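Counting starts at 1 for both ligands and their atoms, in listed order. We count residues from 1, following the sequence as given. Excluded from the calculations below are hydrogen atoms, water molecules and symmetry mates; all remaining heavy atoms, backbone and side chain alike, are included. Computed from a predicted structure; not experimentally measured.
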Amino acid sequence: MIRDAKDFTSLGNIPFAPAYEHTLVSVNSGFRTEKPVCDREKCNGCFLCYLYCPDGVISKDGEKVVIDYDYCKGCGICQKICRKNAIVMEKER
Ligand code: SF4
Ligand code: SF4
């Protein structure tokens, strides 16, 4: 629960997931052509990607992020928003 919707200065005020339900209703069955991969060494835990992911598939793992590939649609917004260039889009095989 957000105590103050405008106050994101503390991690405690950031909601568990900005999108409360996945947009995809079933596990991604292969339409994604690229997937975001996070370099955890470059990631500084700012959680911008977590806030901007339209599908709520990025979650917090301590001070880092993890991506749920079952529901990620590969839109690349997380990669665009990352100021540390910690996310790269890799081609699906
Ligand atoms: S936006 Fe980049 S630096 Fe920030 S949490 Fe996401 S991957 Fe890490
Ligand atoms: S590629 Fe799109 S859906 Fe997948 S984690 Fe990034 S912002 Fe979310």
Check: [Y] and [X] side chains under 4.5 Å, non-hydrogen atoms:
{"X": "D68", "Y": "S59", "result": "no"}
{"X": "I87", "Y": "C49", "result": "yes"}
{"X": "F47", "Y": "V65", "result": "yes"}
{"X": "V66", "Y": "R40", "result": "yes"}

- request: Confirm or rule out an N/O/S atom of C82, from backbone or side chain, lying less than 2.8 Å from atom 2 (Fe) of ligand 1.
  value: yes

field: Under 3.5 Å: donor-acceptor pair, side chain of N44, backbone of C46
entry: yes

Heavy-atom donor-acceptor pair, R32 side chain to C75 backbone, under 3.5 Å: no

task: Determine, using heavy atoms of I87 and all atoms of ligand 1, whether some pair is separated by less than 4.0 Å.
output: yes

In the protein, what heavy atom is nearest to [atom], and what distance, to one decimal place, separates them?
{"atom": "atom 6 (Fe) of ligand 2", "answer": "C78 SG, 2.3 Å"}
{"atom": "atom 2 (Fe) of ligand 2", "answer": "C75 SG, 2.3 Å"}
{"atom": "atom 4 (Fe) of ligand 2", "answer": "C72 SG, 2.3 Å"}
{"atom": "atom 3 (S) of ligand 1", "answer": "N44 OD1, 3.2 Å"}

Where ligand 1 meets F47 - atom numbers and elements under 4.0 angstrom, heavy-atom basis: 4 (Fe), 5 (S)

- request: Find the distance between SG (C38) and CG (D61) and round it off to the nearest 0.5 Å.
  value: 10.5 Å

- prompt: Are any of the side-chain nitrogens in E90 or K35 under 4.0 Å away from the carboxylate oxygens of its partner?
  reply: no

Those atoms of ligand 2 less than 4.0 Å from some heavy atom in [X]:
{"X": "V57", "result": "5 (S), 8 (Fe)"}
{"X": "P54", "result": "7 (S)"}
{"X": "D55", "result": "3 (S)"}
{"X": "I58", "result": "5 (S)"}

query: For the hydrophobic clusters of this structure (ILVMFWY residues joined by side-chain heavy atoms under 4.5 Å, transitively), does one cluster hold both M89 and V37?
result: no

- line: The answer for which part of P36 has a heavy atom under 4.0 Å from ligand 2 is side chain

field: Structural part of C49 in contact with ligand 2, heavy atom criterion under 4.0 angstrom
entry: neither

message: Going by the closest heavy atom to atom 8 (Fe) of ligand 2, which one wins out of C38, G74, C53?
response: C53

